[in-house]
Number of protein chains: 2
Amino acid sequence: MKRSAATLKDVASAAGVSAMTVSKALRNAPGVSDKTRERVLAIAQNIGYETNVSASALKTGRSGIIQIIVNEYDIPFYSKLIDVMSSAVVANGYTPFLQQTKYSSAALQSTLSSSLFSGVLSDGVIAHASGLSGDLFEKIVHGKPAVLIDSCEEQPVVSSVVFPNEEGARAAVQYLAERGCRNIGLIGPSYLEKKDFLHSPSPMKLRMRGARAALLDLGLPYDESTVIAVEGMSEEHAIDSVHELAKSGRIPFDGLFCLNDSAAIGAIRALADCGIRVPDDVKVIGFDGVREGGFHVPSLTTISVDMQQLARLVMLSLKQQIDHEGEPLTATKTTIGFTLLERESTQSR
Amino acid sequence: MKRSAATLKDVASAAGVSAMTVSKALRNAPGVSDKTRERVLAIAQNIGYETNVSASALKTGRSGIIQIIVNEYDIPFYSKLIDVMSSAVVANGYTPFLQQTKYSSAALQSTLSSSLFSGVLSDGVIAHASGLSGDLFEKIVHGKPAVLIDSCEEQPVVSSVVFPNEEGARAAVQYLAERGCRNIGLIGPSYLEKKDFLHSPSPMKLRMRGARAALLDLGLPYDESTVIAVEGMSEEHAIDSVHELAKSGRIPFDGLFCLNDSAAIGAIRALADCGIRVPDDVKVIGFDGVREGGFHVPSLTTISVDMQQLARLVMLSLKQQIDHEGEPLTATKTTIGFTLLERESTQSR
DNA sequence: CTGAAAGCGCTAACAA
DNA sequence: TTGTTAGCGCTTTCAG
């Protein structure tokens, strides 16, 4: 077995044709007789020929690779996201190329513009936008086809598909109220007043805004004591904040809307530490619809976003951009749907 | 801003030197004065030059890319694995390229030898071996540097780093016994007798073997009724099997060793459905040490494998192979360590 | 220390 | 339908 890979020439001489013919045959390009094509394919298969992406990409300027950039792989939300998005990319005939930034904007930049994986190799970029201005992104991506996921800029520079943050949050709070909760707490980055929502929106801000609006509509209180502030949206952060609150007195809530599922899972865990029962004492609802939510005890009620739709819309936008590689195409912004997934964490007993 | 990326030539003419000099300067290759190098670097930075991987890979035959192949991203074990392995690859100066096979051996093959991502682009391969014979793998990889994770072949063709499957399983069962369990059940693919362990070992077989040995050593029963057979090692499968068993009578166990954490999480969930309390009625221990285990109620006691060590050993082996690119280097097989992480699911009350 | 020439493997454009 | 030519952007080799 040859160590160095077989080239088009090798196949060509084995088949008694030119390299060009082999190239066409393998790519199903026109200009080759069926008979020749079949023979070439068989021979290529036989000697284990594999096309050299580097060469082909160098020549054509297209690699067939789509970058998918997220913050971190080992987080339920992201592992689901990369699964769904990778599958969609593959289904569309492209090769997904994953990268995690570990939340470092610097890392992201170097990731995007590092000596490797510059924009040069990939034909397009899909990124979950967290902690990344569309502006910066655009600069990095240089106008190559790109779609942001859940980037909430009012004036998008790059097309994005966003989550139903406000609507979903509203629905979550309304649902808790319908289930009889009167002291509804929120777990999110921080307490925000009306004016805080005016600038630089982010997914969590929008969820907070939706929750706030719902509370006010319902005539329920929304003030500093409504929000359990967390330093991050992970399970650990939620656990810390809930423990902290419990230490300084009783948990004053009978309902808790956690701005994402990880926070909800952390909250349930921390409440258990305090001897508080979910849903008996406090009902808990999350946001996202991660896989793990269904396996917990109690299972987690959540605003489940439609990830399949997300994948479809992202690919649609990306392909449009790739087809119009020539020029602009104004940035679009589409919102995906959600369903309220009722499970045990909000059941009445 | 130019649409097409800047090339070496562009930088060269901007700097008033030859492309060759720029190339050397950027790669820190010898043969350029410090002064020239600095100037070139500044200019390259300025006009946003990024080296074209395709071209460089085409010329040198090295891309700096390491493939990482797993079954599925959205599974706690794998999301952790890809996180750890990607980070290790990056830390070693390579670029990780992730792929999921979705358990299809066919998909894996096409993944490995598809028109894209043939062996041509990547400099090495790291794969979690499940459902993949080392043989097949070797054929696909063609002798390029590769390391398998948890491939249990007796006569490894490709180097691998394996989990402490037997030892860990032994420890898990012994631990349950020490905690007072006398009716210990196992959740795994199927009941296996002594002779079944002789051929084609797999991680789950080895865990079953270790568990069996521990049970027999302890004078505890190991027979068909000891094993709750599952069709797969996911939460869903475990839930199904436990429900099934519950339907046909009482769950006869006071201790349950689940061959991985996902099965354990599923089991706890299903037991809750049956009104069986963990750890009060049944103590449960898992295997792997996934992130999620700590957030469940009860939190999951588990055999936590040393993933950092795994990453280190995999990279070590891979780099050795890359350095000896010339020739063979006999396949090695290294086992990583574990710790028994005690948590609530096995607590005595 | 610097630059010119050649070619990695492939494919667009054209010629036969 | 098939083959020839040229060159993508880079780097190895060797000359200046």
Side-chain angles (χ1 to χ4, degrees), chain A residues 2-41 43-44 47-65 115-121 123 325, chain B residues 2-41 43-44 47-65 115-123:
Chain A
K2 292 184 60 175
R3 177 61 194 87
S4 56
T7 72
L8 273 189
K9 266 190 188 162
D10 297 334
V11 181
S13 63
V17 294
S18 77
M20 200 56 237
T21 301
V22 177
S23 171
K24 286 179 192 158
L26 291 173
R27 284 178 297 136
N28 270 314
V32 189
S33 70
D34 285 356
K35 215 176 120 193
T36 309
R37 166 163 296 139
E38 260 175 57
R39 197 160 48 87
V40 168
L41 253 56
I43 291 175
I47 68 177
Y49 171 80
E50 293 163 5
T51 126
N52 181 321
V53 202
S54 299
S56 150
L58 178 56
K59 181 67 191 175
T60 63
R62 289 178 171 285
S63 62
I65 294 174
S115 53
L116 269 182
F117 301 95
S118 47
V120 191
L121 192 58
D123 293 348
E325 186 69 72
Chain B
K2 291 182 59 173
R3 176 61 195 88
S4 57
T7 73
L8 272 189
K9 265 190 188 162
D10 298 332
V11 180
S13 62
V17 294
S18 77
M20 201 53 242
T21 302
V22 177
S23 171
K24 284 179 192 158
L26 291 172
R27 285 177 297 136
N28 271 314
V32 188
S33 70
D34 285 356
K35 214 176 121 193
T36 308
R37 166 164 296 139
E38 260 175 59
R39 197 160 48 86
V40 168
L41 253 56
I43 291 175
I47 67 177
Y49 171 80
E50 292 163 4
T51 127
N52 181 319
V53 202
S54 299
S56 135
L58 178 56
K59 184 63 191 174
T60 63
R62 287 178 172 287
S63 62
I65 293 174
S115 52
L116 270 184
F117 302 94
S118 47
V120 190
L121 191 58
S122 88
D123 293 348

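C:dC1 atom C1' lies 11 Å from atom CG of B:D34, rounded to whole Å. In this structure, CZ of A:R62 is placed 15 Å from P of D:dG9, rounded to the nearest angstrom. C:dA4 atom C1' lies 15 Å from atom CG of B:L8, rounded to whole Å. If you take NZ of B:K9 and P of D:dC8, they are 6 Å apart, rounded to a whole angstrom. In this structure, the CG atom of B:N52 is 18 Å from the P atom of C:dC8, given to the nearest Å. At whole-Å resolution of the value, CG in B:D10 and C1' in D:dC8 are 13 Å apart.
Comparing D:dG9, D:dT12, C:dG3 against the side chain of B:V17 picks out C:dG3 as the nearest. The side chain of B:M20 has C:dG3 as its nearest neighbour among D:dT4, C:dG3, C:dA12. Side-chain proximity of B:R27 to D:dT2, C:dA12, D:dT12: nearest is D:dT12. Ranking D:dT11, C:dC1, C:dA12 by closeness to the A:T60 side chain, first place goes to C:dA12. In the set D:dG3, C:dA12, C:dG3, the nucleotide with an atom closest to the side chain of A:K59 is C:dA12. Checking D:dT1, C:dC10, C:dC8 against every side-chain atom of A:Y49, the shortest atom distance belongs to C:dC10. Among the nucleotides C:dT11, C:dG9, C:dA4, the one closest to the side chain of B:S18 is C:dA4.
A donor-acceptor contact shorter than 3.5 Å is absent between the side chain of B:S23 and the backbone of B:A19. Listed for the B:S63 side chain is no donor-acceptor partner under 3.5 Å among the backbone atoms of B:A57. A donor-acceptor pair under 3.5 Å is formed between the side chain of B:R39 and the backbone N or O of B:A15.
Each of A:L58 and B:A19 has a nearest nucleotide on DNA chain C; the 5'-most of these lies closest to B:A19. In terms of position on DNA chain D, the residue among B:A55 and B:K24 whose nearest nucleotide sits closer to the 5' end is B:A55.
B:S33 has a side-chain polar atom (N or O) that falls below the 4.0 Å cut-off from OP1 or OP2 of C:dT2. Side-chain nitrogen and oxygen atoms of A:S23 include at least one within less than 4.0 Å of the OP1 or OP2 phosphate oxygen of C:dT11. Within the 4.0 Å cut-off from OP1 or OP2 of D:dT2, at least one side-chain nitrogen or oxygen of A:T36 is found.
In this model, no donor atom of one side chain and acceptor atom of the other lie less than 3.5 Å apart for A:S33 and A:R37.
Applying side-chain contact (heavy atoms from CB on, under 4.5 Å) to A:T21 and the options A:V11, A:T36, A:L8, A:L26 leaves one that passes, A:T36.
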